[in-house]
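Structure record follows, encoded as C-alpha cells.
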Amino acid sequence: MNQKKTKRIGVLTGGGDCPGINAVIRAVTKTAIMKYGMEVVGYLDGFWGLIHDKHRLLSYDDVSGILTLGGTILGASNRADPFRLPQKDSDGLGFQDVSDQVMENYRKQGLAALIVIGGDGSLSIAQGLFEKGMEVVGVPKTIDNDLSETDVTFGYASAVFNATEAIDKIHTTAQSHHRVMLVETMGRYAGWIALAAGVASGGDVILIPEIPYDLEVVCQKVIERSKKGKRFSIIVVAEGAKPRGGELVVDRIVEESTDPWRLGGVCRKLALAIEEKTGLECRVTVLGHLQRGGSPVPCDRILATRLGCAAVDFVMKRRFGDMVALKGNRILSVKIAKAVAKQKLVPLNHPLIVATKAMGICFGE
Ligand code: F6P
C-alpha cells in the first residue's frame, strides 16, 4: 500500500529563557498538527539536544495548558554552540566544530525544517546551520529587546512588567527611609528594560548604556530632589550602563557561553560613589533573573502565539533562512542574517527619552 509520509518539523529554544517561549511551542505544535497534519519533534536544552540527538515528540496534549507557563518545557542552554562546542581536557578549555554531526542528526530525524526560537546568539547559530543546508525558520526571543529587524521581541513586555512591579515595591520603602534606591535591571548592552520600567515606575534617574552617565549630574539630581523636600530618589540602572569615558561592569566571564560576558555590579559601584559625594544613604537591589521568570503578560502571550503560528506557515512556504518579525501590527518575514547583523539599541532620540527628559527625568547627561 502506498502510505503518505507525515511531514515532521523540529523546534528548539536556545539561549536564556524568557516568558512566552511555551506559548510559541504551543502555537507551533498546535498549528503543525491541526492545520498541516505534521509531527513536531522538540529538541531538549536547545542546541545541546540537536548535538546529542536528544528530543521528544510533542503531541497536542503535551502543549495543552502551557500558554501561561514561564520558562520552556523543552529546556534551554547557552553553552551548546555546534560551531564552537566547549570541550574540557587536560590542556584546559578548547572548542570543537560539531556542526556536521548536527546536520547528520537533523537529517536522521527526517525533518522538513527546524524552528529555532532564540535571541542573537541562537539565531546566529541557526544562520550558520542554514548556510550548511538546514531548512531553518527563526522566531525572535529575548527579554532584552535588542534584536534588529523586529519592532519588539516577546518576553520584553513581561520583563518590563516584572521590573516595574519590583520597583513599585522599592518605591514605598524608599519613601519610609528617605534613601536613594538604586535598582539594576538586565538588558545586556541595550537599555530597553531600564528605560521602559524606569518610566513606568516613576524613576527619577534612568541610566542606560546608550547614554554614558556623568556621576556629578546624577548626584546633582538627588541633591536637588532632597533640597526640594523629596527625601528619597529612585535610580533605575541598566546592567550595561557605564560612566562617560568609563567601562562596563562585568560580573563574570563564562568562556563556554555564546556571549561570555555576564554584566552586573554597576549599581554597587554607583551607590558607593553617590554616598561618598552626597552623604545620602543608598541601597542597591539587583533584579536579576526575577525579570525573566514567571507567567508572560497578555501581550507577550499574543505575540508569541502569532509568531509561532506564522513560523509554521513559513515552513510550508519554504521561507528558510527567514525569521518571523513584528512590523507595525503585521507579522512579516525578514532575513535571519540581517536580524543578527547588529544589535538594536535604544536610539538617543527615542520618543520616550525625549518626552520624559522634558518632564525632568535625569538620564545622567
Ligand atoms: O539575554 C538575556 C539575559 O537575561 C540578559 O539580560 C542578561 O545579561 C543575561 O541574559 C544573563 O545571562 P545568564 O542567564 O547566563 O546569567
Side-chain angles (χ1 to χ4, degrees), residues 12-21 24 45-48 70-72 74-81 84 86 93 116-126 138-148 150 152-164 166-167 183-198 206-210 236-242 247-269 284-294 296-297 300 304 339-340 342-346:
L12 67 78
T13 59
D17 68 347
C18 80
I21 296 184
V24 180
D45 296 342
F47 287 103
W48 181 91
T72 157
L74 292 174
S77 161
N78 54 15
R79 296 166 189 225
D81 179 350
R84 193 176 167 272
L93 184 67
V116 175
I117 307 168
D120 61 351
S122 301
L123 290 176
S124 298
I125 296 170
V139 178
K141 165 241 67 166
T142 168
I143 61 163
D144 303 336
N145 196 34
D146 60 352
L147 208 54
S148 294
T150 184
V152 72
T153 49
F154 76 84
Y156 167 62
S158 302
V160 170
F161 178 80
N162 290 338
T164 303
I167 304 169
V183 186
E184 189 168 311
T185 69
M186 280 187 166
R188 291 200 306 173
Y189 314 105
W192 293 105
I193 300 176
L195 174 63
I206 300 173
L207 304 179
I208 60 174
E210 293 83 348
V236 180
V237 188
E239 62 183 357
K242 50 182 182 296
E247 294 300 325
L248 285 168
V249 184
V250 178
D251 174 46
R252 62 171 77 185
I253 295 185
V254 186
E255 295 282 7
E256 300 96 319
S257 175
T258 42
D259 176 11
W261 282 15
R262 290 295 174 277
L263 304 180
V266 59
C267 271
R268 169 105 359 242
K269 279 194 153 184
V284 168
T285 306
V286 179
L287 298 182
H289 294 81
L290 172 85
Q291 294 158 95
R292 255 172 42 186
V297 295
D300 274 340
V340 299
K342 77 173 197 309
Q343 275 172 337
K344 183 180 71 184
L345 301 178
V346 180

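Hydrogens, waters and symmetry mates are skipped; everything else that's a heavy atom, side chains included, is used. Order of listing sets the numbers, starting from 1, for every ligand and every atom in it.
Contact between Y156 and D300 at its shortest, heavy atoms only, is N-OD2, 3.9 Å. Contact record, V183 with C267: C-SG, 3.8 Å, taken as the closest heavy-atom pair. Considering every non-hydrogen atom in both R292 and G16, the closest pair reads NH2-CA, 3.8 Å.
Expressed to the nearest 0.5 Å, how far OG1 of T142 lies from CD1 of I193 amounts to 7.0 Å. Taking CG from D120 and CG from D144, the interatomic distance works out to 8.5 Å, rounded to the nearest 0.5 Å.
Protein residues with a heavy atom under 4.0 Å from ligand 1 are N78, I143, D144, M186, G187, R188, E239, R262, H289, R292.
Within 6.0 Å of the CZ atom in F161, the count of heavy atoms belonging to other residues, nucleotides or ligands does not exceed 12.
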